[in-house]
Undergrad: 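Once you've had a glance at the structure underneath, I'll fire off some questions.
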Amino acid sequence: MPDVSDFILKLQRRRIEGSHATARQTAELLRSVVSQTRMPYTNQAASLLDAVRAVGEQLIAANPVELAVGNIVRRVLHIIREEDLSSSAVSFEGLMISEKSDDEDDADQKGGPVLSAAAVAAAARSTLRPRSLQTLLEDGPLPAAPSKSSSAGDSEGKSKSDKSAVGKRLKHSVIEAINLLIEEIDDCYEDISEQAVEHIHQNEVILTLGRSKTVKEFLYAAKQKNRSFRVFVAEGAPRYQGHVLAKELIQKGLETTVITDSAIFAMISRVNMVIVGAHAIMANGGVIAPVGMNMLALAAQRHAVPFVVVAGSHKLCPLYPHNPEVLLNELKSPSDLIDFGEFSDCMDFGAHGGAPLMHVVNPTFDYVPPNLVSLFITDTGGHNAAHMYKLIADYYSADDLVIKRKSTSSN
Amino acid sequence: MAQKKGGKSAASDDPEELARMPLQAVLLADTFNLKFRPITLERPKVLLPLVNTPMIDYTLAWLVSVGVEEVFLFCCAHAEQVKEYIGNSHWGQSHAGFSITTIESNFSMSAGDALRFIEGKNVIRGDFILITGDTISNMSLTEALQAHKDRRKKDPDTVMTMFVKRSKPMPLTHQTRLGNDEIMMAIDPETKQLLYYEDRFDSSKRAVTLDKSLLADNASLYLRTDLEDCCIDICSPEVLTIFLDNFDYQHLRRHFVKGLLHDDIMGKKIYTHEIDSSYTARVDNYRSYDTISKDIIQRWSFPLVPDVLYAGNRAQMRLQREGIYKAPDVTLSPSVRIGAFTAIGSGTIIGENSSVSNSVIGELCTIGRNVSIDGCYIWDSVTIEDGCRLSHSIVCDGVHLHTGATLEPGVILSFKVEVGQNITVPAYSKVSLLPQPSKQDSDEELEYADTNSGVIDSPSIASISPANIEHDHVSSFDTEQSVLLEGGLSGVGYIWTSCETGNEEEWRYSVAPIPVEKLKEFYAKMFDEDESSSDGEQTGITHSGELISESKSTDFDDSDGEYKGDVSKFEKEVEETFERALGGVAEENVQLEINSLRMSFNVTHAECAGAVFQSVIKSAIIASNSSKSNLLKATIDAIERSKGLLSYFITNVDEEIEVILKFEEMCMEITREFAPIFSSVLHQLYDKEVITEDAILKWESEKADADESDKVFVKQSEAFLKWLKEAPEEDDEDE
């Protein structure tokens, strides 16, 4: 598939950066992969899983640091599993229940448009997994779930014998679910910033570091609700994205103070809350974030300032960080820090006995341990760091944590 | 989209039409020089690994990243290998909006020829990027490309935009970072037009000559020596036409740029574009190979770094702390010490107590115990046995170092060379399985005229190992000649003499760091310009580039021996030259060559005369086939044949005496077979007017108070001397 290799090349060459863009494009790519996969008569879900896994493996290898790729691949795999389970569940339960609950179903279907596959999936999820607190709260009373799921597909469920129809339906529902996922990625800013007013209060001082679109939207939303507050922006060396953010905030009429990263500790005592974006949130509640964030988190802890991380659900990563400073980091070119022309005489290795004396380290990310984070705000609401693994369990299937193609010797 | 295009082009004028052309690039996959010999005999330079990825991958990755859509890959030497590599790599497969077309020409000798050939193909339709396959860059092109197009619109005579990069020179050694010649450019500060280009600028002279008109025509100009030439150009199609019109243009910079600037051809203009934050450099020689490898490991070329850019089939290297790149399947013994800024490729095994620092090790290498590797570039599938010591060397694919071998700084081991047990490969030597080619196809045809590789082999070894070293120190022999020596197993390979890269400049181009002596010399030069400069120059030349041979000879001889070593080395050189003279080289050339040898070795006229005479006598031995009866006749023949040469070098009595002394010495030491016929030969020399009677008589008187043992030959020639003493009267009478 040409667009797959193209996308891999882009990821490899670091032409696509930022988890939002990467997540969205990955989801779109996987949607086209799913739609192009030819469905066999039997074991359709497995073939879809294999196809997605095959592509996903390459995508993850192309840029292992961009965790959003892996997240989306796992989300899609999860979607396929759920759809498969729900359709088979429907087939059974539809037969069993259809008799007694016909009226109820009709009413349901009239009430709104046909229930989306995602809703079915959510329902199936609750039936097929030990319930977390999250799902309990989200989905309401338990018995509702199976009956709902049966309602969605009961008419087709009866035509179980028509295999091609089932196949088409699986594919369609998967594609529809991926569409929902894309929508969710697009809407994450909105969903998160809706909660802004609950967190930002009148006359508060908010400190942020670097430039995160989520943080920006969050602050905009609070401003729109006529909260008046001040923002301190740490510039975020060496890329100085904070400068850009400051400009954007000022254009929206927010009172903004720009400080250097090194002044964070001096300023933190005047701050009511720290709100920052993240690159990824790991399963243990640790955060991979732009460099300098750990320093900020430590400063916030020292002065008992709440440290709030805002991130869309596509940044939730089901992996645990092992040696994140090295393995989940990317060292960029020293040219961000120093001017080559000015320092080239320090890099005349021949004249310095062959050994480089000057080392420049320019990491992209910091790892903030979970105990430093006071609150996570995702599209589904606020969460504690210790609660992250439960939240993550709702989005991913445990079978997909390691994405490795199974040997296809059976075929 | 297509409709849009059509609509616009109908309305627009020509330059804008050009602007929408797919961006083309000409990639020269041949560098048309011999700086990477002997490695490039077996593999084209663009496929040599730079931190375990072929150089051309870096160049192509950059071209893709800047949005080039059509690449014309020009191959010349090893064209099949380049084509095969491209075909098998992912570059060959179709990518959206990127295509590679290979153009092959076997008789192009220079970049100029290549461009003329490409012009003939008629494929370049608009502005194109000219780049060689050994350029590493991560710069963005958009700004410069736009500027170039704007300038073209304003002034159609703009033909080229050259990329330059600021690089602060070292206070001591100036621009030695990349081992290039120093460049001086004059640039108009306003328009960035290039006004003057000198690529062999010598900053030590502290003076520069500029054309008067340069200063008269330009209100202001910058003279800059702190610029590196990136060797990437945006060219207009006119560049090809200019090359076609000036068929003598070969070198892109030396001929084309200078030609355009100095001869002022048709008012064509070249502009420069200075890149600031991004990285660009070209692997031109071993020094820049070393420097750029280190830059890449330090991630200046991001994202073209080893853990991102990798197209091989094996596991990719990952970056770890302290700039160590390691593939996941590397096997290291727990006691291995890996220093900072090291890359170790997939499948490599390193044994106990070995240490690696500042080095790049390729894939599938096997390294034994107690090996120390510092600053080396070890390519794929190399075997290094226990106890080897390597420093600042390049070791190509498949090389085998047996137990205890040592590589001194600057050594290049080409493909599949073997170095025997406990053998030390002297500094700056280049070893290859292929014999050094005869000089016909090189640009310096003067030095070596013979084609017989076997003949080259032995002198090349001799010239590297100082005199009086036993033969088991010599590391390399031809496969067929491979001999079991007392020291252990011999190696396999020819040692090449360095001649391509300008002898006295070896330190500048080598992969090894600049020797301490050289730095001291620079240091001295800085403070004491007048005194040490002449001194420094001499040492530079005297040792004909083998700077280390100087330090080596001190290892083996005492301080006096160094001088002796030089003379014997000189004699050897003269002998070789003389042998070639017998092969039919014109006498004047031989005279010239010996004279230049005399100057470069800084020996006296008398010593030179002695050396020439020695060569004559030696040739006589060879001619006589070591049968005693023929010896006298052969000697007479030899003297007769080279009478002209001898009389040219033997001009006064002192030199004549030196010759006699030399002959005497030879008879006692090297060529004992001459001892019985000493007096007859002396007579012959007198007869042929090579030696005058004054000299002979003086010799006798000098010998008068010598030891008895020294008087053997005086006694032997007593009769002749007696006759001589009587002869003058006769001569007088004749006159």
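Proteins come first, then strands; the chains are lettered A, B, ... in the order of their sequence lines, and each starts at number 1.
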Undergrad: Under a 4.0 Å threshold between the charged nitrogen and the carboxylate oxygen, would Lys518(B) count as salt-bridged to Glu521(B)?
TA: yes
Undergrad: Look at the side chain of His279(A) and the backbone N and O of Val65(A), then say whether any donor-acceptor pair between them is shorter than 3.5 Å.
TA: yes
Undergrad: Relative to chain A, which segment of Leu519(B) carries a heavy atom at a distance below 4.5 Å: side chain, backbone, both, or neither?
TA: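 Contact with chain A: side chain only.
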Undergrad: Can you confirm whether Ile259(A) sits close enough to Glu235(A) that some side-chain heavy atom of one is under 4.5 Å from a side-chain heavy atom of the other?
TA: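 No, their side chains stay 4.5 Å or more apart.
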Undergrad: At under 4.5 Å between heavy atoms, what parts of residues 300-307 of chain B are in contact with chain A? List them by residue number.
TA: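 Expected list: Trp300(B), Phe302(B), Pro303(B).
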Undergrad: Flag the one option from Gln12(A), Lys332(A), Met358(A) with the top tally of heavy-atom pairs under 4.5 Å to chain B.
TA: Lys332(A)
Undergrad: Given side chains that start at C-beta, do those of Tyr377(B) and Leu390(B) come closer than 4.5 Å, heavy atoms only?
TA: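 No, too far: nothing below the 4.5 Å cut-off.
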Undergrad: Looking only at heavy atoms, which of residues 282-291 of chain B get nearer than 4.5 Å to chain A?
TA: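 Heavy-atom contacts from residues 282-291 of chain B to chain A are Arg287(B), Asp290(B), Thr291(B).
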Undergrad: Under the criterion salt bridge (charged side-chain N to carboxylate O under 4.0 Å, His left out), I'd like the reasoning laid out for Arg14(A) against Glu66(A): C-alpha separation, chi angles, the key distance, then a yes or no.
TA: CA-CA 10 Å; Arg14(A) 309 297 193 254; Glu66(A) 196 58 88; over 6 Å; no
Undergrad: Consider only side-chain N and O atoms of Ser137(B) and Thr135(B), and report whether a donor and an acceptor are under 3.5 Å apart.
TA: no
Undergrad: With heavy-atom distances below 4.5 Å as the criterion, would you say the side chains of Arg224(B) and Glu274(B) are in contact?
TA: yes
Undergrad: Considering residues, nucleotides and ligands other than Glu143(B), do more than 12 of their heavy atoms fall under 6.0 Å from its CD?
TA: no
Undergrad: Check each atom of Asp276(B) against the heavy atoms of chain A and say whether the ones under 4.5 Å are side chain, backbone, both or neither.
TA: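 For Asp276(B), the contact with chain A is made by the backbone alone.
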Undergrad: Testing Ser359(B), Ser357(B), Ser393(B), Ser391(B) for side chain to side chain donor-acceptor pair (under 3.5 Å) with Asp374(B), which one passes?
TA: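 The option that passes is Ser357(B).
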Undergrad: So which atom in Asn358(B) and which in Thr342(B) form the shortest heavy-atom distance, rounded to 0.1 Å?
TA: N-OG1, 3.2 Å
Undergrad: Just by distance, no angles: are the side chains of Arg31(A) and Asn179(A) close enough, under 3.5 Å, to form a donor-acceptor pair?
TA: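 Side chains of Arg31(A) and Asn179(A): pair found under 3.5 Å.
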